[in-house]
Number of protein chains: 2
Amino acid sequence: MTQTPRPLDTHLLAHDRVYRHLRSRIMYGDLAPGQALTLRGIGKEFAVSMTPAREAVRRLAAEGALTMSASGRVSTPALSNERIEELAALRALIEVELASRAMPRAHYALIDRLQTINNAVSEAVAHRDAVSYIRSNLEFHRTLYLRAQAPAMLAMAETVWLQLGPTMRALYGRLRRTEPPHFHKLIIAALRAGDEPGLRLAVRTDVTQGLRMLAT
Amino acid sequence: MTQTPRPLDTHLLAHDRVYRHLRSRIMYGDLAPGQALTLRGIGKEFAVSMTPAREAVRRLAAEGALTMSASGRVSTPALSNERIEELAALRALIEVELASRAMPRAHYALIDRLQTINNAVSEAVAHRDAVSYIRSNLEFHRTLYLRAQAPAMLAMAETVWLQLGPTMRALYGRLRRTEPPHFHKLIIAALRAGDEPGLRLAVRTDVTQGLRMLAT
DNA sequence: ATCCGCCCTTTGTGATCACATCTTGGCTTA
DNA sequence: TAAGCCAAGATGTGATCACAAAGGGCGGAT
């Protein structure tokens, strides 16, 4: 037996399966900043050899979702405050543009879906569930931006989210807020009103404010 | 001999060396859009096995510099017009911000260096040397943006350049212009004058105009 | 008690190989 | 002549292994 028969839990290639699982964990804050990973550990967890584990890790490293030390050690990134502010500025830049492009195509059904997702966000906040909060919050944004029909821009935005994943977990983990997300309501209101400057401001603020409070 | 003794032409790891060479080729337009590559071919060219060749290729694919077909075939991307315009918009968005952040720190020595680089750009245009043109043009932009002290943003911009590399080659290859770059002069003039709105406009125009003329 | 050095374990790297799949070129057949 | 098919070569995937180097922990010296 030189070849593993295929786990059958998916039709995907091994390295892609590993990549998706790890990516999801990182983006949604399952991993804390500075968390160390090993290729053999990943391989064992997903029942694959080191080869696909390495490919998945290198791909994530290329996207900034993981950092590799000079000796090849892999860990989740621990971002400096400057880097966090820079990534927040990038989010603002790209996501404001995406929202602006999505607005002309945002019909009632979309706004309704955003409303529904936002309820999930509120619930996650109420339960102080950081992972659910991050996941539903990003789903809110992604749902809106999908309408922009700008896949390259959306990919860029997701790359930034990925880089901020572990940091967002650390940030929202120590959050003690219970209020539902105010700026999401502003976004929805601006969409309803067809108020483009208002939408831009609401998105920029929503994206920026969360990250701003950890500049300590 | 199970292990190759190390080519000695560099102290870098094999996969990194392959990655850098290929990245440079792609970014500076050595490869035409749609150009096919094979792992064994890359491995033979750089005297490494398929393993580091695959890592380099996957990394470049993650950055959008290469595309992989469903069967894993690797080729340089052939971009649609929509994708090109989107990437141009992304360039404008990010690079305007970078230029704006660089301006307060742009002292005389920097402007002088930009001037020098721009002479190289003019020379490349005069010789109709597409690769030299792309290389010096990007060096002009990178030199300016380096002053912004925003590594994450610069990395994003470079990723976009990478994705546009083969397309820029195809574009400028059929260019018949001989005039030196007008908008670079505007950028330098705006920097000298401390004219921030003028700088933003000049960068936006410079970045956008080149890609715009291939929307055929 | 603390710091330094050494050894063993852990870990990443890259070569090689078996295998499955895709591609392609030529041949056959209608 | 053209369309279809088969076989052989080409190509990507993932497992395994040998090796080098980095880390960690333990013991001894001061």
Side-chain angles (χ1 to χ4, degrees), chain A residues 1-23 26 31 34-78, chain B residues 1-23 26 31 34-78:
Chain A
M1 167 199 85
T2 60
Q3 209 75 350
T4 292
R6 174 68 59 81
L8 239 91
D9 77 331
T10 171
H11 66 288
L12 291 172
L13 265 20
H15 68 90
D16 211 56
R17 184 165 48 91
V18 175
Y19 166 77
R20 286 171 202 263
H21 277 250
L22 289 179
R23 182 179 194 269
I26 294 167
L31 273 51
Q35 181 78 240
L37 299 174
T38 66
L39 297 184
R40 285 174 175 87
I42 293 168
K44 181 183 281 186
E45 176 178 351
F46 292 96
V48 298
S49 77
M50 292 170 58
T51 312
R54 250 164 79 194
E55 291 179 38
V57 161
R58 297 211 100 93
R59 184 168 171 190
L60 289 163
E63 297 176 307
L66 291 174
T67 61
M68 303 192 59
S69 77
S71 64
R73 266 15 194 233
V74 182
S75 65
T76 220
Chain B
M1 168 197 85
T2 61
Q3 208 75 350
T4 292
R6 174 66 60 80
L8 239 90
D9 76 332
T10 169
H11 65 289
L12 291 172
L13 264 21
H15 68 90
D16 212 57
R17 183 165 49 92
V18 175
Y19 167 76
R20 286 170 203 263
H21 277 250
L22 289 179
R23 182 180 195 270
I26 295 168
L31 274 49
Q35 180 79 238
L37 299 174
T38 65
L39 297 184
R40 285 174 176 85
I42 294 168
K44 182 183 279 187
E45 176 179 352
F46 292 97
V48 298
S49 77
M50 292 171 59
T51 311
R54 249 165 78 196
E55 291 178 39
V57 162
R58 297 211 101 93
R59 184 170 172 189
L60 289 163
E63 296 176 306
L66 291 174
T67 61
M68 304 192 61
S69 77
S71 64
R73 263 20 192 232
V74 182
S75 66
T76 220

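Residue numbering restarts at 1 for every chain, and letters A, B, ... go by the order of the sequence lines. Below, each value reflects all heavy atoms present in this structure, side chains not excepted, and no hydrogens, waters or symmetry copies.
Rounded to an integer number of Å, the gap from B:Tyr19 OH to C:dT13 P is 15 Å. Atom CG in A:Leu39 sits about 13 Å away from atom P in D:dA15, given to the nearest Å. Following rounding to the nearest Å, B:Met50 (CE) and D:dA15 (P) show an atom-to-atom distance of 14 Å. As a whole-Å value, the separation of A:Lys44 NZ from D:dA15 C1' is 16 Å. Following rounding to the nearest Å, B:Ile42 (CD1) and C:dG14 (P) show an atom-to-atom distance of 15 Å. If you take CZ of A:Arg58 and P of D:dT13, they are 16 Å apart, rounded to a whole angstrom. Between A:Phe46 atom CZ and D:dG14 atom C1' there is a gap of 16 Å when expressed in whole angstrom units.
Sorted by residue number, the members of residues 59-74 of chain A with any non-hydrogen atom under 4.0 Å from DNA chain C read A:Ser71, A:Gly72, A:Arg73.
B:Thr38 comes within 4.0 angstrom of the backbone, heavy atoms only, and of no base.
Residues that satisfy the salt bridge (charged side-chain N to carboxylate O under 4.0 Å, His left out) test with B:Arg73, not counting sequence neighbours, are absent from this structure.
In the set D:dG12, D:dG14, C:dA15, D:dG14 carries the atom at the smallest distance from any side-chain atom of A:Pro52. Minimum atom distance to the side chain of B:Ser49 is reached by C:dT16, of the listed C:dT16, D:dT13, C:dT13. Residue B:His15 places its side chain closer to C:dG14 than to any other of C:dG14, C:dT11, D:dT13. Out of C:dG14, D:dT11, C:dG12, the shortest distance to the side chain of B:Leu13 is found at C:dG14.
Between B:Leu37 and A:Arg40, the residue whose closest nucleotide on DNA chain D is further toward the 5' end is B:Leu37.
Side-chain atoms of A:Arg54 stay outside donor-acceptor range of the base of D:dG14, with no qualifying N/O pair under 3.5 Å.
Using a 4.5 Å heavy-atom cutoff, the side chains of B:Val57 and B:Leu37 are not in contact. Counting only heavy atoms from C-beta outward, the side chains of A:Arg58 and B:His15 approach each other to under 4.5 Å. Taking the side chain as every heavy atom from C-beta outward, A:Lys44 and A:Arg40 never approach each other to under 4.5 Å. In this structure the side chain of A:Val74 never reaches within 4.5 angstrom of the side chain of A:Thr38, judged on heavy atoms.
Nearest heavy-atom pair, A:Gly34 versus A:Thr76, reported as atom, atom and distance to 0.1 Å: N-CG2, 2.7 Å.
A salt bridge links A:Arg59 to A:Asp16: one of the charged nitrogens lies within less than 4.0 Å of a carboxylate oxygen.
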